[in-house]
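Both ligands and their constituent atoms are indexed starting at 1 by order of listing. Fair warning: this is a prediction, and the values are worked out from it, not measured in the lab. Values below: all heavy atoms of this structure, side chains included; hydrogens, waters and symmetry mates excluded.
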Amino acid sequence: MKVINLMESVVEMVLEKQIDFLQMNCTCDQCKNDVLALALNALPTRYVSTMRGHTIQRAKLMDEQTLADVLREISKAAVIVSAKPSHD
Ligand SMILES: [Zn+2]
């Protein structure tokens with residue numbers, strides 16, 4: 001048992017769902033990780049002490065407002081990463 005940031009799971013989940021709609025120039029792992037990092041830095045942390053398996057269930061139960069915030073930050077991050085990928 002350890003403490004994890006539930007927001008990480010939520011951002012990963014939303015990114016995977018919305019990746020086709022973000023119209024990124026590149027969707028390699030590097031760019032997706034850059035989007036995750038940028039979005040997570042802009043979002044509040046949500047630490048929970050739970051096991052990994054339960055985390056996904058709790059991430060799915062995140063409230064609508066939080067999901068809207070997550071999507072907004074992911075969209076902003078996708079624009080930034082698309083404009084300037086951290087690789088050639
Ligand atoms: Zn890339």
Side-chain angles (χ1 to χ4, degrees):
M1 194 83 84
K2 62 175 184 155
V3 176
I4 57 115
N5 180 9
L6 186 60
M7 195 57 88
E8 280 184 30
S9 304
V10 177
V11 172
E12 279 175 31
M13 184 183 74
V14 173
L15 179 63
E16 287 303 321
K17 259 194 207 168
Q18 303 294 331
I19 193 75
D20 292 340
F21 300 101
L22 295 171
Q23 299 183 309
M24 290 171 65
N25 291 331
C26 176
T27 53
C28 72
D29 283 348
Q30 174 73 59
C31 288
K32 283 200 277 189
N33 283 335
D34 285 345
V35 170
L36 284 178
L38 277 172
L40 281 168
N41 280 336
L43 290 160
T45 49
R46 194 73 71 85
Y47 283 105
V48 292
S49 60
T50 186
M51 288 161 75
R52 191 80 192 165
H54 299 169
T55 308
I56 304 303
Q57 289 310 113
R58 292 179 67 171
K60 283 179 180 163
L61 294 172
M62 195 60 85
D63 61 275
E64 291 292 319
Q65 182 57 53
T66 302
L67 289 174
D69 290 345
V70 167
L71 186 54
R72 189 189 64 231
E73 293 304 332
I74 286 177
S75 301
K76 275 160 62 177
V79 169
I80 293 167
V81 172
S82 280
K84 204 168 183 296
S86 60
H87 60 75
D88 292 325

| field | Test side-chain contact (heavy atoms from CB on, under 4.5 Å) applied to V10 and R46, step by step | value | CA-CA 10 Å; V10 177; R46 194 73 71 85; over 6 Å; no
| Is there a side-chain contact (heavy atoms from CB on, under 4.5 Å) between N41 and E73 once you walk through the steps? | CA-CA 9 Å; N41 280 336; E73 293 304 332; over 6 Å; no
| Contacts of the Zn ion (ligand 1) with protein N/O/S atoms, counting only those under 2.8 Å |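 Listed by chain and number: C26 SG, C28 SG, C31 SG, H87 NE2.
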| said: Would you say CD of Q30 has more than 12 non-hydrogen atoms from neighbouring residues, nucleotides or ligands within 6.0 angstrom? | reply: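 Yes, enclosed.
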| Under a 4.0 Å N-O cut-off, is there an ion pair linking E16 with K32? | yes
| task | Take S75 and L71, measure what side-chain contact (heavy atoms from CB on, under 4.5 Å) needs, and give me the verdict at the end. | result | CA-CA 6 Å; S75 301; L71 186 54; 4.3 Å; yes
| request: For the pair E12 and L15, evaluate side-chain contact (heavy atoms from CB on, under 4.5 Å) and give the outcome as yes or no after the intermediate values. | output: CA-CA 5 Å; E12 279 175 31; L15 179 63; 5.8 Å; no
